[in-house]
Amino acid sequence: ARVDGIMSVTVMWGAAVLVACAVVAGADAADKRPNLLFMMSDQQRHDTLGIVTPSLSTPNLDRIAKEGALFKWGYTSTPTCTPARAAILTGQSPWNHGMLGAGAVAPHYPFEMPTALASIGYSTTSIGKDHFGWVDATYGRTECDSSVEGAAGEWCDVFFPPNKGHGVPHGYGQTSLYDGLVSEPDDYHQWFKAAKGVEPETGWPELDMNSWKGEAYAYANESLHPTAWVGNQAVNFINDRAQYIINASLRAAPWFLKVSFHRPHSPYDPPQRFIDDISASDLRPVYTCDPADPLAWDAIFANNSNGCGPKDLDAWCGTMPANESEFARRCYQGSISFIDEWVGKIFDALTATKQLENTWIIWTADHGDGQSDHFHWRKGFPYEFSSHVPFMIRWPEGSTDPRLAAWSRGSVFDKQVVELRDIFPTFLDAAGASNLPPADYQMDGDSLLCLLSGDPGHKACRGGAWRPWLDLEHTTVYNETVHWNALVDGDMKFIFNAFFDSTSTFQTQLFNLTADPYELQDLARSADPAHVAELAKWYGRMAAQFTREGRGEYGFVSSNGTLLQRTKSTVYSPNYPKNGPPPGPPAPPRPSLYECPAAVAAKLAAGDTVRTVAQAGPAPGPTSTAPCVSFAYLGHAGGATTLGVNGFGATDATRLCIGVGADAGLVLGVCGPASAAPPGNVGFHLDHNYTAPHHAVPQAVVHIASSMCVALADSATVPRLAPCSADAADQMWVYGSSGRLCQEGRCISVGGHA
């Protein structure tokens, strides 16, 4: 990457781009095809716009809708960073592009938006956040190596070659990137360090990239902030793109520019003046259910345990101090105001250079943010605060497309559900290349221009009509209980929470978004026959979709149409590109202390003492075939978890879990039903939820109610609770692949059993 003043540009000359130059040789000022400006933010909710929430001020973002169209029901199907960006790249649904959760964007897809646009003669430039991975001699391949399934070193060497400094291109001819990863030396990091001599994280010393708190940007010079860096480069590109487009033959060609702001994603760190401009009364209300309502569903998320609550800087749920929560929300909205200011400057540049009249603009976000609604923070959820995003389009004044004559500027589409997958086909259509996708390519998105045609039946859309509903999903995030699929049509939303079994009130949820846009009443809890019938209708639709997609063999749906409980994470579908991360190397031999050949057969009972037993002998392989005590990591409503003894208790009334006795020693107790929070004495969670040997990571076993950790003093055989300490080796346990909890040759057991 080259560092030069405010600009730091990485240039990619991929094969697709070179082919494009040959095919469209001599593209010049006579090429009147429109420019394509794709702008997006990261972690921006749909209701953060002034055009949606009038107490907020976002005049420049609102301008896109007022001079174009607002899509009321805009969604991101998989609401975390990387899978959302895979949808934008490919125009496909999660199952078809292959990312069902937060993993690694594949280094190449069969048909990609920037590659396709380059092939028809557009220059393609990305400024800001790609999140496709970065390659550097000192950093290397984090997106590859840290994927949930893992990745072989040979794969990383092929697609992320060493001794290079650039992002994975995906058809962008040139990039200037800030992905917001602390350890990634992307273009912004290099520029900032050259300017200040320190890392950019010094701008928010008390926060991190997933924190729920807010604070003002630490530097008085606002131009150092990544929002200003991205916005300024976008303005520079519009004013003089020659400094970005090295290939002279493309400088006069129509351009495709992606401007991707990292904020308002954490850290919530706008300059102080934006915080001062937003009062508590300006903010939209915080929405939580009435606890007296029998259809309320969110109280369990108010608990400050299991990674939730103010003690955890990266908490995803919990009840936060009112003053800190309000300030964080002001900082979050202030981050959007800062972006809005730069969008205004981008408009000014387009106007001054007379390019606005020939430029299509789309604005959206990759996902939303809980912002304390229903006691949630961050992303990855099916609820409106996470999956519902801004979605606006502005068409150029100079367009001669006859379809636009039917619509006036400022239109609002309040019936159709649109999604990130629709951006790719929309830009192809705007560029006059709607027939470009290969015949065998599964393009799940559709061009928004077919909605602008004025035909109320939308016969111009693929299949003769717009989609009747949209599929959403996300595999495990935060803990095993946050694992879901959903369907939404703008009137109703159906959610299947896959971790829970059919006895749980959390397995299915149903919301009437017309009457209840902030999801205050879960109609799946209602006995009203109309609600029961509506729930069954949506359940059947999801089962039918899973069957069509062939998900039965992967444990999503049974042959008789039953949606199946899924307790294991599935980050990649079988459609994930074969040149992406492989399943990973074979698991290493398991040390003997992890093994439990069979569950102990003797009768156990509530109140039995939990002890540890010695497990000696050479590894690998079990020391014997004797039965032993192992534990299952059980999920409960609202994200609470317990450690249940394997093989004991087929019902909620008899299932036994590790609990706490009167003297802080461990005893067995009744787990309680999965549909409710567990009794306080038996609620435990593991710091990382990892099981060995896949991740042989020592971790704390934390008692939820007391926030204390299970410890084993040097001479003790009875584990007890102690104040948690990151430096205490006797609090670090390995959760074995067969369910054993062990440390340094001793494993947790019950009574005298191994």
Side-chain angles (χ1 to χ4, degrees), residues 212 291 297-321 370 374-378 476-483 497 499-500 504-506 567 606-607 610 631-645 649 652 655-691 697-712 719-726 728 730-735 739 741 748 750:
W212 63 269
W297 58 273
D298 63 4
I300 193 65
F301 296 103
N303 292 338
N304 292 338
S305 59
N306 198 27
C308 296
K311 292 183 179 180
D312 190 334
L313 183 61
D314 295 344
W316 59 274
C317 66
T319 303
M320 308 307 186
H374 300 292
F375 308 104
H376 283 73
W377 294 83
R378 299 175 60 185
T476 307
V477 60
Y478 307 124
N479 72 28
E480 292 176 328
T481 65
V482 187
H483 185 181
N497 289 306
F499 182 81
F500 298 97
S504 170
T505 57
F506 266 86
T567 59
V610 175
F631 303 91
Y633 198 45
L634 306 176
H636 292 256
T641 49
T642 55
L643 290 160
V645 181
D652 290 341
R655 185 182 295 132
L656 298 176
C657 283
I658 294 178
V660 181
D663 61 351
L666 302 187
V667 297
L668 292 187
V670 177
C671 305
S675 58
N681 68 310
V682 297
F684 281 87
H685 77 85
L686 302 174
D687 261 2
H688 304 297
N689 307 347
Y690 291 155
T691 57
V697 179
Q699 56 188 306
V701 180
V702 185
H703 182 230
I704 295 171
S706 67
S707 297
M708 298 180 74
C709 292
V710 177
L712 184 64
R720 299 182 181 278
L721 295 186
C724 294
S725 170
D730 67 324
Q731 294 181 12
M732 295 292 104
W733 302 84
V734 171
Y735 183 34
L741 278 163
I748 291 179
V750 183

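Counting begins at 1 with the first residue of the sequence. Basis for what follows: all heavy atoms, side chains included, without hydrogens, waters or symmetry-related copies.
Inter-residue side-chain proximity for V482 and F499 is flagged as unmet; no heavy-atom pair is nearer than 4.5 Å. With a 4.5 Å cut-off on side-chain heavy atoms, T642 and I658 do not count as touching. Here the side chains of L712 and W733 are in contact, with some heavy-atom distance below 4.5 Å. In this structure, the side chains of V660 and M708 stay at 4.5 Å or more apart for every pair of heavy atoms. Side-chain contact between I748 and V701: absent, with no pair of heavy atoms (C-beta onward) separated by less than 4.5 Å. For the pair W316 and W377, the minimum side-chain heavy-atom distance is 4.5 Å or more. A heavy-atom distance below 4.5 Å is not found between the side chains of N303 and F375.
With sequence neighbours excluded, no residue forms a side-chain contact (heavy atoms from CB on, under 4.5 Å) with V667. Remark: F684 pairs with H703 by the ring-ring contact (aromatic ring centres under 6.0 Å, His included) rule, at least two apart or across chains. Applying the side-chain contact (heavy atoms from CB on, under 4.5 Å) criterion to A299, with sequence neighbours excluded, gives no partner residue. Take H376 and apply the ring-ring contact (aromatic ring centres under 6.0 Å, His included) test, not counting sequence neighbours, and it matches F301, F381, Y383, F385. Applying the side chain to side chain donor-acceptor pair (under 3.5 Å) test to N497 and every residue at least two apart in sequence or in another chain returns Q509. In terms of the side-chain contact (heavy atoms from CB on, under 4.5 Å) criterion, residue partners of T505 (sequence neighbours excluded) are, by chain and number, R525, S675. Take P679 and apply the side-chain contact (heavy atoms from CB on, under 4.5 Å) test, not counting sequence neighbours, and it matches N681, V682.
Rounding to the nearest 0.5 Å gives a distance of 4.5 Å between NE2 of H483 and OG1 of T476. Summarising the geometry, atom NE2 belonging to H685 is positioned 8.5 Å from atom SG belonging to C308; distances are rounded to the nearest 0.5 Å. Atom-to-atom distance recorded for F506:CZ and W297:CH2 is 7.0 Å, nearest 0.5 angstrom. Going from atom CD of E480 over to atom OG1 of T567 covers 7.0 Å, rounded to the nearest 0.5 Å.
Considering every non-hydrogen atom in both R378 and A315, the closest pair reads CD-O, 3.5 Å. The two residues G680 and A705 make their nearest non-hydrogen contact at O-CB, 3.7 Å. Of all non-hydrogen atoms in C671 and P678, the two that sit nearest each other are O-CB, 3.7 Å. In terms of heavy-atom proximity, M320 sits nearest to G309 at SD-C, 3.5 Å. Between C724 and S707, the shortest heavy-atom contact is SG-O, 3.4 Å.
The closest donor-acceptor contact from the side chain of N304 to the backbone of T319 lies under 3.5 Å. Between the side chain of Q731 and the backbone N or O of P723, at least one donor-acceptor pair lies under 3.5 Å.
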Stepwise side chain to side chain contact (heavy atoms under 4.5 Å, CB included) check, L643 with C657: CA-CA 5 Å; L643 290 160; C657 283; 5.8 Å; no

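Within the structure, salt bridge (charged side-chain N to carboxylate O under 4.0 Å, His left out) contacts touching residues 665-686 (residues at least two apart or in different chains) do not occur. For residues 656-683, every residue pair satisfying the salt bridge (charged side-chain N to carboxylate O under 4.0 Å, His left out) rule, not counting sequence neighbours, is listed here: D663-R720.
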